Each structure stands twice: as C-alpha cells, then as structure tokens.
Amino acid sequence: MLSPWTLIAIIVSLYYLKTYQEIVFPVVNAYAGDIFRRKAYREYKTNAKRLIAKGLAKYNGPISLLVPPWVVAALQHHWGDSDSWHQISWERDTTGIISWAAASVFVGPGKASDPEWQMLSQAYVRELFSAVSELHTWRPSLRSVVQWFLPHTSACQALARKARVMIDEVVERRAEESHLAQRQGRKARRYNDVLSWTSHMPSNKLHLGDIQLALAVAALFTTSEALRQTLTDLAEHPELVAPLRREIEELISRHGLCQAALQKMDMLDSLMKESQRQTPGLAIRDTTLPDETLIPRGSHIMVDSSDMWNPEVHDYPDVYDGYRFVKQRHAGDKASQFVQASREHNTFGGGRHICRGRFFANAELKICLAHILLDYVVRLKEGYCSKPMSSGVYDGVDSAAELEVRRRSGSECCPFYAFLHCSPTETPFGTFRSIEIEMVFS
Ligand code: HEM
C-alpha cells in the first residue's frame with residue numbers, strides 16, 4: 001500500500017515531467033498512458049518520416065526565417081552604400097553576410113548582429129579548423145591530453161566558455177521577458193529560432209552555447225565558400241548578370257521574395273551548382289567500407305570528387321557554363337538542382353550523413369545573391385586573375401581574391417526594389433521587410 005506522501009511525490013513528479021516536456025513543435029507520437037514514452041520511441045524508430053510529415057502539417061507554419069532583412073542589413077554594414085567602386089575585405093565581408101543571416105535564424109534577432117557574438121562565432125570556426133590540423137600532428141592517444149595546452153585547441157575552449165555565458169544570458173533574458181509578460185497578463189513573445197527550439201527540447205543534454213557553435217561550424221565556412229566562389233565566377237562572367245537579374249526581377253515581381261520564387265530561380269540555381277563544381281570539396285573521415293575492404297582504424301580516407309571535372313560526365317568540364325545545370329534539368333536529369341547530391345556531384349556528401357543544412361544553405365545563398373545582383377555590381381580588381389587555392393589534393397576557393405563592388409544607383413536599380421524592403425521588420429539597423437521561407441525537410 002502506497003503512503004499518501006509517496007502518492008503526492010508521484011503526482012508531483014508526473015506533473016513536473018509533463019510541464020518539462022512542453023515544447024514548441026507539436027508532438028505527434030504522444031499516446032495516452034504512454035508515460036515512459038516507450039510507444040513513442042517505437043514509432044520514432046520505425047516511422048520517423050511519417051511523424052515529421054504529420055508534425056509539419058500540424059505545426060502552424062511556415063517555419064519562418066528572418067534571413068532577408070538581415071542580408072540587407074549585413075550588406076549595408078559590410079559592403080556599404082557607396083555607388084563608387086571600392087574593394088571589400090574578401091574573407092570578412094563575405095563571411096560576415098552569411099554569418100549575420102545564419103545567426104538571425106540560429107541565435108535569434110537579439111544577438112544576430114551583436115559584434116561580440118559575431119566575432120566569437122566566426123573566431124571559433126577559424127580556430128576549430130586550425131585546431132583539427134594542430135591535433136593531427138599528435139598521436140591519437142595523446143590528443144585528449146595535449147588539447148588542454150595547444151594554442152588553437154585552448155582558444156576553442158576559451159571561446160566555447162564565453163559562448164556559454166553569452167547564450168545563458170540570452171536564455172535568462174527571454175525567461176525574464178516571459179515572466180514579465182505573464183505577470184502583466186500579456187502573451188509572451190514567441191521566438192522562432194534554433195536557440196528557442198533547442199531550449200524547449202527535453203531530450204537535449206548539450207549546452208545551448210555548444211549547439212550554437214556546432215551550427216556555426218557546419219554552416220559558416222561551407223556557405224561562405226560557396227558565396228565566395230559564386231561571386232568570383234559572377235565577376236569573371238559579367239555576361240551572366242543580365243539574364244540572372246531578369247530571372248530574379250520577374251520572379252519577385254510575380255511572387256515576392258518567397259520560397260516559391262526561390263524554388264523557381266533555375267538559372268541562379270544552375271550558377272550556384274556550376275560554381276560548386278569549380279572547387280570540389282573533399283570529405284575526410286575514418287571508415288570501414290561495405291565491400292569489406294579493411295581500412296585500418298585511424299587512417300584517413302578522402303572521397304573522390306573528380307567526376308565533377310570528368311569529360312565523361314560533363315561536356316567541356318573545364319569551361320564555366322552558368323547554364324550547364326538548367327540544360328541538364330531540362331534534359332530530364334533528376335540530380336541537377338543545387339540541393340540534389342549524386343555520386344558525381346558530392347559536395348553535400350551523401351547517404352545517411354548527407355548535409356542536413358543544404359536546403360537552408362540553398363535559400364540563404366539565393367537570398368544573398370538575389371540582393372547582391374539587384375543592389376550591387378561586382379568585378380575583380382583590374383589585372384587580378386582568380387585561381388583556386390590548392391593544398392595537396394584539395395582545391396579550395398581562391399582565398400586572396402580582390403573583389404570590388406559598388407551599389408547600383410538611380411535607373412540601374414530594380415523596379416521591384418520596394419518588394420524587398422516594404423514590409424517592416426525591426427533590426428538594430430532600421431526597419432526591413434521580413435519574408436517567411438518554408439523549410440523543406442527531405
Ligand atoms: C554550401 C554549403 C554547405 C556545404 C557544401 C555542406 C557540406 C556538407 C558535407 C560534405 C557534409 C558531410 C556529409 C557526409 O558525411 O556525407 C555535411 C554535413 C552536415 N551539414 Fe552541411 N554543408 C553546407 C551547409 C550547411 C548548413 C548551412 C548547415 C546548417 C544549417 C549544415 C549542417 C550540416 C549538418 C548538421 C551535417 C551533419 C549531417 C549528419 O552527419 O547527419 N550544412 N555538410
């Protein structure tokens with residue numbers, strides 16, 4: 001027989017468990033009486049795809065990303081308003097745009113443009129890549145010890161500690177806002193960003209600051225490199241600019257700058273994929289092959305991306321052809337869109353670990369490039385000849401390109417410019433039009 005105190009303790013614990021599990025997204029695998037969620041777990045293991053589809057259908061979507069206003073603000077901040085030619089800082093003024101846009105979705109509006117957060121998250125990504133190379137010079141058995149002393153690994157640890165403090169402050173501020181709203185009988189502001197989603201995930205055991213840094217690592221360098229390569233190619237192929245502007249202007253005049261318009265930007269999509277083909281990325285990881293070829297533990301393998309330059313796969317592979325993938329798509333090729341990965345085009349990896357952020361990167365890049373094409377003109381400094389940066393068997397984006405930009409003015413401007421800037425969203429830099437982008441999960 002249970003004592004009254006034990007009964008009270010059970011009821012309080014169940015109540016606590018219930019409130020603790022309240023989350024933003026609708027839980028579709030919740031069943032009455034399934035206290036320990038064993039049935040939910042079974043469903044999750046066997047039916048994840050259907051659950052996601054049902055959850056998204058129930059969610060009072062779309063999942064909105066405040067990317068466009070932040071891109072406008074970031075471009076103004078990094079590229080300026082001057083209609084005279086001026087050189088931008090190649091790394092800082094391209095990563096900065098991607099970083100602001102991504103941060104508006106990851107950490108939310110409050111911190112996205114905070115110079116301290118921007119400095120910290122970008123520095124962490126740089127330090128992390130250097131820390132990986134640094135650790136590779138040590139035997140695997142010693143790495144867990146030397147990580148405390150090496151310059152780049154220690155820098156990562158210091159930045160991660162700072163990130164945790166900064167993110168804790170944001171979470172506390174949001175909690176205070178919510179309590180104040182409750183006390184005043186108002187509805188609390190609901191944040192729609194990764195920080196909010198992850199802070200409402202009961203199963204999450206990671207520090208929210210660590211999640212933010214991990215996202216920055218996955219999203220910043222990769223997408224900034226894609227932007228840099230596309231900008232270089234645009235500067236080298238000015239004949240592509242007019243048809244691209246026509247496509248973008250026509251689509252935003254018809255749909256506004258929304259998901260439907262982005263999906264129909266076939267030429268921009270083709271250009272981005274063609275630019276991706278210029279510098280095939282190579283993934284490194286330890287593995288055992290399914291055909292039982294034994295690769296000793298600890299050895300590095302590289303995924304070969306040379307099919308991107310293979311004449312049996314592409315006509316004239318050495319020629320930059322912005323229309324290449326539009327033509328392939330019209331000829332019925334099912335893997336010619338930017339987000340589609342194939343054995344021949346594996347920049348996003350493939351299989352079980354295929355890049356989860358490619359739809360986001362696709363939308364983010366298209367929004368950035370649409371704004372750049374409509375608002376700016378770009379060119380390489382006279383006499384500068386861009387070439388990929390080679391490091392061993394790896395080809396990367398030219399890390400020293402000298403790109404000059406100027407703002408378009410007067411009659412050069414897009415007649416639908418107002419579409420991009422007319423519906424208000426407040427940012428610390430002024431009020432900009434906010435656009436909702438639906439995320440596609442597949
Ligand atoms: C053009 C930009 C990008 C490129 C080229 C890229 C490339 C890649 C590659 C090669 C992988 C490894 C795939 C594999 O192991 O087979 C990967 C994984 C991943 N990417 Fe991306 N990525 C990009 C943007 C992003 C963005 C913006 C995000 C986040 C919003 C993101 C999140 C991830 C995640 C979470 C994984 C791990 C997936 C897993 O292991 O299941 N990526 N990415």
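The chain is numbered in sequence order, starting from 1. Computed from a prediction, not measured in an experiment: that's the story for all the values here. Atoms within a ligand are numbered from 1 in the order they appear, just like the ligands themselves.
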Within residues 333-346 or reaching into it, pairs that qualify as salt bridge (charged side-chain N to carboxylate O under 4.0 Å, His left out) - sequence neighbours excluded = D307-R343
side-chain contact (heavy atoms from CB on, under 4.5 Å) evaluation trace for L234 with L271 | CA-CA 9 Å; L234 268 177; L271 183 102; 4.1 Å; yes
Could you list the atoms of ligand 1 found under 4.0 angstrom from a heavy atom of [X]?
{"X": "G350", "result": "16 (O)"}
{"X": "F360", "result": "27 (C), 30 (C)"}
{"X": "A219", "result": "26 (C), 27 (C), 28 (C), 29 (C)"}
{"X": "T223", "result": "2 (C), 24 (C), 27 (C)"}

Going by distance alone, is a donor N or O of one side chain under 3.5 Å from an acceptor N or O of the other, for T95 and R228?
-> yes
Backbone of S336 reached by a side-chain donor or acceptor of Q328 within 3.5 Å = no
Report the part of F106 (side chain from C-beta onward, or backbone N, CA, C, O) that has a heavy atom under 4.0 Å from ligand 1; answer both or neither where that applies.
-> side chain
Where on F348 is there a heavy atom closer than 4.0 Å to ligand 1, on the side chain, on the backbone, on both, or on neither?
-> both
Between F325 and H314, does a ring pair (Phe, Tyr, Trp, His ring centres under 6.0 Å) hold up when you go through it step by step?
-> CA-CA 10 Å; F325 292 101; H314 291 296; 5.8 Å; yes
Hey, can you tell me if Y320 and H237 have their rings parallel, tilted or perpendicular (30° and 60° cut-offs)?
-> parallel
Pick, from A101, C355, A226, A218, the option with the minimum heavy-atom distance to atom 8 (C) of ligand 1.
-> C355
Any R358 heavy atom less than 4.0 Å to ligand 1 = no
Is any side-chain N of the basic residue among R254 and E250 closer than 4.0 Å to the acidic one's carboxylate O?
-> yes
Who pairs with Y31 by side-chain contact (heavy atoms from CB on, under 4.5 Å), at least two apart in sequence or on another chain?
-> N29, D34, K39, E43
Regarding ligand 1, does [X] bring an N or O atom to under 3.5 Å of one of the ligand's N or O atoms?
{"X": "H353", "result": "yes"}
{"X": "N346", "result": "no"}
{"X": "A361", "result": "no"}

